[in-house]
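Quick notes on the structure that follows.
Remember, predicted model here, so these are calculated numbers, not experimental data.
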Amino acid sequence: MKVALLGYSQSGKTALYRAAARGLAKGDVTAVPVPDERFDRIVAQVQPKKATPATALLHDDLESARGEGKTFPPKLLEEARKADLLLHVVRAFESPISPYHAEIDPARDREAIDVEIVLADLQVVENRLERLSKLSTAKNPGSQDYNDRILFEKVKGPLEEGTPIRNIELGEDEREALRHYQFLSAKPLVVAYNVGEDEAAQPPAAVQAELEKMRAQGTPAFAVCATLEEEIAQLDPADQPTFLESLGLTEPASAKLIRAVYDALGLLTFFTAGPQDTRAWPLRKGSTALKAAATIHTDIAKGFIRAEVVHFEDYAASDSLDQAYADGKMSLEGKDYVIQDGDLLHIRNKS
């Protein structure tokens with residue numbers, strides 16, 4: 001999962017990046033472990049030689065957006081298109097050095113970035129349609145160029161009205177055809193409103209309104225104070241709960257961020273548990289046991305026979321994988337079994 005942080009200069013995106021990286025950041029790209037109490041419990045019980053959590057790859061290597069009606073820098077567009085998800089960090093705190101807007105207006109700043117994203121995609125669509133207009137094959141029903149022309153004409157109108165591609169009603173085949181073009185507005189989006197230190201526990205009304213608006217649109221969003229979160233990330237893990245409680249917070253930003261990323265990407269986690277390596281694996285919701293096997297290794301998927309499945313709730317009740325098997329909580333499933341969040345898997349294969 002490649003998560004690219006996007007925002008204006010002085011929005012606090014680098015501070016949030018460092019906070020979410022929890023002291024692991026050595027540059028502008030960091031693999032951040034996904035916090036998961038279930039995985040921690042499995043590791044504590046199995047005590048494997050190697051424990052590998054699921055990770056999100058955070059990128060703070062995008063140029064800052066320019067603002068004031070200026071278009072995105074070409075390098076920003078190029079790098080953002082490579083991301084699986086965009087994390088838009090919006091300034092919602094007083095900043096005397098903010099180069100673009102003297103007054104706080106999170107709705108304005110969020111909308112301005114949204115517009116730039118849609119305009120960048122509209123430019124790609126218009127360029128593609130112009131090229132297709134010169135091809136005779138684009139007039140022949142059934143040809144790839146014809147299908148592309150119909151599809152691009154379908155998304156052009158909504159883009160002109162400001163609707164991102166992710167919100168356009170499209171079939172799965174149509175979305176698959178568009179993925180090749182790496183449209184920015186087709187990517188999942190998470191919005192983080194960076195508030196002041198005295199507003200960390202109770203965001204201001206303007207941010208509350210934005211949070212409600214984003215959630216109504218189905219866009220994961222949360223408020224955070226990046227500077228405070230940096231301090232939290234530097235504390236000993238044992239001291240963090242007390243410090244969070246003193247601020248009126250229940251969890252650090254890293255947990256909020258990863259949960260929002262998972263939600264936006266439509267991911268769940270399954271586990272493999274063994275004495276050599278116990279691992280957490282991200283997987284798209286609705287995926288089958290065969291897809292989970294391929295996630296572990298393509299050779300395992302090729303030789304797939306059956307999946308031994310223990311639901312996490314059953315594992316937790318039995319307090320060990322062996323006991324869950326002994327209690328009859330393991331089920332044998334075929335390749336079409338739909339993986340549930342928290343499933344512990346052992347794949348039987350021919351190798």
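- Considering only heavy atoms from C-beta on, Leu76 comes within 4.5 Å of Leu6 through its side chain.
- The backbone N or O of Lys187 lies less than 3.5 Å from a partner atom in the side chain of Arg166, making a donor-acceptor pair.
- Between Gln182 and Lys82 the shortest heavy-atom distance is NE2-CA, 4.2 Å.
- Looking at Glu333 and Ser331, their side chains do bring a donor and an acceptor atom within 3.5 Å of each other.
- Counting all heavy atoms, side chain and backbone alike, Val89 lies closest to Gly12 at CG1-C, 4.1 Å.
- Side-chain contact between Val90 and Tyr8: absent, with no pair of heavy atoms (C-beta onward) separated by less than 4.5 Å.
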Determine, stepwise, if the pair Leu122 / Val155 fulfils side-chain contact (heavy atoms from CB on, under 4.5 Å). CA-CA 9 Å; Leu122 181 59; Val155 301; over 6 Å; no
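- Taking the six-membered ring for Trp, Phe270 and Phe312 have ring centres at least 6.0 Å apart.
- Arg91 places no side-chain N or O within donor-acceptor distance of the main-chain N or O of Pro106, the cut-off being under 3.5 Å.
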Could you walk me through whether Asp60 and Lys13 satisfy the salt bridge (Lys or Arg N to Asp or Glu O under 4.0 Å) test, starting with their C-alpha distance in whole Å, then the side-chain angles of each, then the deciding distance to 0.1 Å, before giving a yes or no? CA-CA 8 Å; Asp60 188 36; Lys13 61 188 182 74; 3.6 Å; yes
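- Grouping the Ile, Leu, Val, Met, Phe, Trp and Tyr side chains by contacts below 4.5 angstrom, directly or via other members, places Val3 apart from Tyr193.
- Hydrophobic clustering (ILVMFWY, side-chain heavy atoms < 4.5 Å, transitive): Leu184 and Leu189 are in one cluster.
- Formation of a donor-acceptor pair under 3.5 Å by the Asn194 side chain with backbone atoms of Ser11 is found in this model.
- The line from CZ of Arg215 to NZ of Lys213 is 14.5 Å long, rounded to the nearest 0.5 Å.
- For residues 24-40, the pairs satisfying salt bridge (Lys or Arg N to Asp or Glu O under 4.0 Å) are Asp36-Arg38, Arg38-Asp341, with sequence neighbours left out.
- Contact of the Phe93 side chain with the Cys225 side chain is not registered, since no non-hydrogen atoms from C-beta on lie closer than 4.5 Å.
- Between Ile168 and Thr163 the shortest side-chain heavy-atom distance falls below 4.5 Å.
- In this structure the side chain of Glu126 reaches within 4.5 angstrom of the side chain of Glu160, judged on heavy atoms.
- Side-chain atoms of Thr278 do not come within 3.5 Å of backbone N or O of Pro48 as any donor-acceptor pair.
- Looking only at distances, a side-chain donor or acceptor of Asp343 sits under 3.5 Å from a matching main-chain atom of Gln340.
- A donor atom on one side chain and an acceptor atom on the other are found under 3.5 Å apart for Thr272 and Trp281.
- Side chains of Arg128 and Tyr181: a donor on one and an acceptor on the other come within 3.5 Å.
- Residues Asp319 and Arg41 approach most closely at OD1-NH2, 3.4 Å, considering heavy atoms.
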Determine whether Leu5 and Leu62 satisfy the following criterion, side-chain contact (heavy atoms from CB on, under 4.5 Å), listing intermediate values before the conclusion. CA-CA 7 Å; Leu5 279 76; Leu62 296 188; over 6 Å; no
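- Looking at residues two or more places apart in sequence or on another chain, you find no side-chain hydrogen bond (donor to acceptor under 3.5 Å, both in side chains) involving Tyr146.
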Anything under 3.5 Å between a donor and an acceptor, one on a side chain of residues 299-306, the other on a protein residue two or more places apart or in another chain? List them.
none

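- When only modelled atom types and interatomic distance are considered, Gln240 and Asp236 share no side-chain donor-acceptor pair under 3.5 Å.
- In this structure, Asp148 does not pair ionically with Arg131, as no charged nitrogen and carboxylate oxygen lie closer than 4.0 Å.
- The side chain to side chain donor-acceptor pair (under 3.5 Å) test with Arg18 singles out one residue from Glu229, Glu230, Gln234, and that residue is Glu230.
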Check against side-chain contact (heavy atoms from CB on, under 4.5 Å), Lys335 and Thr288: CA-CA 6 Å; Lys335 63 182 180 181; Thr288 63; 5.9 Å; no
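- Using modelled atom types, one side-chain atom of Thr295 and one backbone atom of Lys291 make a donor-acceptor pair closer than 3.5 Å.
- When all heavy atoms are compared, the tightest approach of Ala221 to Met214 is CB-CB, 3.7 Å.
- Checked for salt-bridge contact, Arg175 and Glu172 miss the test: no charged N lies under 4.0 Å from a carboxylate O.
- Using a 4.5 Å heavy-atom cutoff, the side chains of Leu321 and Leu344 are in contact.
- For the pair Arg279 (side chain) and Thr52 (backbone), a donor-acceptor distance under 3.5 Å is absent.
- Residues Ser318 and Tyr325 bring no donor and acceptor atom of their side chains to less than 3.5 Å of each other.
- Partners of Lys75 under the salt bridge (Lys or Arg N to Asp or Glu O under 4.0 Å) rule, at least two apart in sequence or in another chain, do not exist in this structure.
- With a 4.5 Å cut-off on side-chain heavy atoms, Leu58 and Val29 do not count as touching.
- Pairing each heavy atom of Leu85 with each of Val261, the nearest pair is CD1-O, 4.0 Å.
- Within the model, atoms CD of Glu116 and CG of Asp121 stand 11.5 Å from one another, a figure rounded to the nearest 0.5 Å.
- For Gln123 (side chain) and Ala120 (main-chain N/O), no donor-acceptor pair under 3.5 Å exists by modelled atom type.
- For the pair Pro33 and Ala31, the tightest heavy-atom approach, listed with the atom from each and the gap, is CD-O, 3.7 Å.
- Judged as a side-chain hydrogen bond (donor to acceptor under 3.5 Å, both in side chains), and not counting sequence neighbours, the contacts of Gln45 are Tyr315.
- Side-chain heavy atoms closer than 4.5 Å link hydrophobic residues (I, L, V, M, F, W, Y) into clusters, and following such links, possibly through other members, connects Val125 to Leu170.
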Go through the steps for Asp145 and Arg149 under the test salt bridge (Lys or Arg N to Asp or Glu O under 4.0 Å), then give the verdict. CA-CA 6 Å; Asp145 288 337; Arg149 179 175 67 81; over 6 Å; no
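- Annotation: side chain of Leu257 is in contact with side chain of Phe222 (closest heavy-atom distance under 4.5 Å).
- Side-chain N or O atoms of Asp105 include one that pairs as donor or acceptor with a backbone N or O of Arg108 at under 3.5 Å.
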Trace of the side chain to side chain donor-acceptor pair (under 3.5 Å) decision for Tyr17 with Thr30: CA-CA 9 Å; Tyr17 164 74; Thr30 302; 2.6 Å; yes
Step by step, would you call Thr269 with Leu283 a side-chain contact (heavy atoms from CB on, under 4.5 Å)? CA-CA 6 Å; Thr269 303; Leu283 186 71; over 6 Å; no
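- Within the 3.5 Å criterion, the main-chain N or O of Ile165 finds a donor-acceptor partner in the side chain of Ser185.
- Here the CG atom belonging to Asp61 is positioned 5.5 Å from the CD atom belonging to Glu79, to the nearest 0.5 angstrom.
- One distance of note links CG of Asp173 with CG of Leu178; it measures 11.0 Å at 0.5 Å rounding.
- By the 4.0 Å N-to-carboxylate-O rule, Glu251 lies close enough to Arg259 to be salt-bridged with it.
- Sparse packing is recorded around CD of Glu169, with 12 or fewer heavy atoms of other residues, nucleotides or ligands lying under 6.0 Å away.
- Under the side-chain hydrogen bond (donor to acceptor under 3.5 Å, both in side chains) criterion, Glu111 pairs with no residue at all, not counting sequence neighbours.
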